[in-house]
Every structure is written in structure tokens, then in C-alpha cells.
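Below is one structure; the comments refer to it alone.
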Amino acid sequence: MALPSPPPARVFAELLPAPAPAPSGREVHVSGSAELSAGPDRARVSLRLGSRKEAAGAARSSVARRLEYIAQSARQRGVPEENMTVTEDFSRVENTYQMEAEVCIIFSDFGKMQNVCNLLIEKLGTSVTISPPHFYHTPEAVDTLRRQVCVAAVGNTRRKAQEVCRLFGQSLGKPLLVREEETKEWGGHIDGHLSNSPDSLTVQERIQNATAYASCRVFAVFEIKGKENRRNKLL
């Protein structure tokens, strides 16, 4: 599991009854759970290119033209400049000059990612090497999944309490205690995680492999009110 370790079980919410009047003691204690998944929200693609020439300027210009074409193609399809990183390496190899470059592009739209990669393969051919995309979750996406699964578990627990009360002709009152008891997370990738997926996997298979899962179990105590209003029951 590559996601950051979840925090230990903690109190999600606790509502204490007012000191007066004295509580009636009529309560329903229930537990509930939920499980959710979230696909990756980012993809990183690396493109490598190089040139070896007898003249230093020729080697540099050959790579520079292709770098500009790659950046222009990405910008035209909505990729912001800050999502592109270029690293260059210039060296002398025997009696020639070698210029190598790597472009890393981060995509939030996977359709645009495929369009850009397909265009560069078509226009640049074997002069550029494109790595398979690495899909991952941003910390914000992981936090969102954790919140959503907790809220879903609380909702399931409340519905269970309502059904129990209705079974006995009672009405569910306010929550007295809601406690998150257990959370689990598995699957998913973060940005620093190096995927071991084989190059033969399709894009959809890579997305599925990078999907994150989370489960949550909560315990809750609700007040039981008097008999359920018949009008509300009919609704």
C-alpha cells in the first residue's frame, strides 16, 4: 500500500446531552460501515530525446527544436506551463557532442494526455521515447476519499438506526455520540511511488491498478423519541 498511513481511530463527532432536563435513557446503539474507491487524479508522462553531432551547436539546436514542439503541443491542449519540467544534459562523447533531454508532463485530464502522446508519436516518431503513464493520487484526493467514506459510514449508520426505530414504531431522535472506530486503506499510488506495472498494460488497466480503496466503520448512539408520527411514516 503506497498511500500515507491513516490516522488512528478517533472521535469523529460527539454531542453531549444538556444537563437538564434529565435524559430519558431511551437510546439505540448501532454500528455501520462503508467502502468507497477513487481512481487516480493525476498522470505523469516522461519523454526522452537526444542528439549526437560533431558540432555542439547542431546537437543543441536539434534537441531544442523538438523540446519546443513538445511544449507547444502540450500548451495548445491546455497543459499549464508549471506542469511541465525539462532537464537537459550536455556531454562530449569521443569526437562528438551529445545533447540529451527529458520532459516530464503532469496531466489531470487523461483524455488530453492520450491526445498529446499520440500526436508526438505521430509527428516525432522514433526521435522521442515516451514512457508509459504513471497514474497516482494527489494528497488532496486521498483526503477527500477519507472524508467521503467516513461520511458515508455515518449515513449508513443513521439509516440503520431509523429502520430499527420504525420496526418498533418509534421515531429516531438526535445523535448523542458518533465515533469512528476503524479505517482501512489499500491500493492506490502516490506521486513518489514507482509503479512495477509491465509496459504491456493498457491505460485502463493502469488506472485500475492505481485505484485507491478505503473503508470505515463507525459506532453511534441516537436518542429514541416517542411513537413515529403516522403522517411522516406515510411519507
Side-chain angles (χ1 to χ4, degrees), residues 1-15 28-46 77-80 82-83 85 104-118 130-164 172 175-222:
M1 169 64 187
L3 295 177
S5 300
R10 58 193 182 281
V11 174
F12 176 76
E14 184 172 359
L15 304 176
V28 57
H29 295 215
V30 291
S31 61
S33 60
E35 180 180 314
L36 296 177
S37 64
D41 62 324
R42 293 291 187 275
R44 185 177 67 249
V45 175
S46 296
R77 284 152 185 82
V79 178
E82 59 267 23
N83 284 9
T85 304
C104 289
I105 307 177
I106 296 175
F107 294 90
S108 57
D109 186 321
F110 302 156
K112 289 181 179 179
M113 175 197 72
Q114 290 182 287
N115 290 338
V116 170
C117 291
N118 291 342
I130 303 178
S131 68
H134 170 64
F135 294 98
Y136 64 95
H137 293 80
T138 58
E140 294 79 11
V142 175
D143 288 341
T144 297
L145 176 61
R146 290 170 178 162
R147 290 195 304 271
Q148 288 176 340
V149 74
C150 182
V151 171
V154 172
N156 291 341
T157 304
R158 184 178 184 276
R159 284 188 288 273
K160 181 188 289 187
Q162 282 181 317
E163 292 176 5
V164 170
L172 186 68
L176 303 177
L177 171 70
V178 180
R179 181 173 65 237
E180 185 181 53
E181 294 199 316
E182 181 184 58
T183 58
K184 293 181 180 179
E185 298 174 12
W186 63 98
H189 296 155
I190 57 175
D191 190 18
H193 178 270
L194 295 178
S195 175
N196 295 321
S197 301
D199 292 348
S200 59
L201 291 182
T202 66
V203 169
Q204 290 303 320
E205 288 171 335
R206 291 178 182 279
I207 292 175
Q208 183 61 41
N209 283 353
T211 297
Y213 300 86
S215 66
C216 178
R217 187 177 74 245
V218 301
F219 170 79
V221 178
F222 292 90

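Position 1 is the first residue of the sequence, and the numbers go up from there.
Under the side-chain hydrogen bond (donor to acceptor under 3.5 Å, both in side chains) criterion, R147 pairs with T144, sequence neighbours left out. Under the rule for a side chain to side chain contact (heavy atoms under 4.5 Å, CB included), the partners of V221 that lie at least two apart in sequence or sit in another chain are E27, H29, L176, L177, F219. A search for side-chain hydrogen bond (donor to acceptor under 3.5 Å, both in side chains) contacts involving E35 returns nothing, not counting sequence neighbours. Partners of A210 according to the side chain to side chain contact (heavy atoms under 4.5 Å, CB included) rule, which considers only residues two or more places apart in sequence or in another chain, are P40, F135, H189. Applying the salt bridge (Lys or Arg N to Asp or Glu O under 4.0 Å) criterion to D109, with sequence neighbours excluded, gives no partner residue. Under the rule for a ring-ring contact (aromatic ring centres under 6.0 Å, His included), F107 has no partner lying at least two apart in sequence or in another chain. Residues passing the side chain to side chain contact (heavy atoms under 4.5 Å, CB included) test with Q204, sequence neighbours excluded: T202, I207. Under the side chain to side chain contact (heavy atoms under 4.5 Å, CB included) criterion, N115 pairs with no residue at all, not counting sequence neighbours. Residues that satisfy the salt bridge (Lys or Arg N to Asp or Glu O under 4.0 Å) test with R217, not counting sequence neighbours, are E181, E182.
Nearest approach of C150 to E180, heavy atoms of both residues: SG-OE2, 3.5 Å. Contact detail for S37 and L145: the closest heavy-atom pair is C-CD1, 4.1 Å. The nearest pair of heavy atoms linking A214 to V149 is O-CG2, 3.4 Å.
The side-chain hydrogen bond (donor to acceptor under 3.5 Å, both in side chains) contacts involving residues 154-163 comprise N156-R159, where partners must be two or more places apart or lie in separate chains.
In this structure, R42 CZ and H134 NE2 are separated by 13.0 Å, a value rounded to the nearest 0.5 Å. Rounded to the nearest 0.5 Å, atoms SG (C216) and NZ (K184) are 11.5 Å apart. Note that the OG atom of S215 and the CG atom of L36 stand 9.5 Å from one another [nearest 0.5 Å]. Here E140 contributes atom CD and D41 contributes atom CG; the two are 8.0 Å apart, rounded to the nearest 0.5 Å.
In terms of modelled atom types and a separation under 3.5 Å, the side chain of S46 and the main chain of S131 share no donor-acceptor contact.
You'll find the side chain of V45 reaches within 4.5 Å of the side chain of M113, heavy atoms only.
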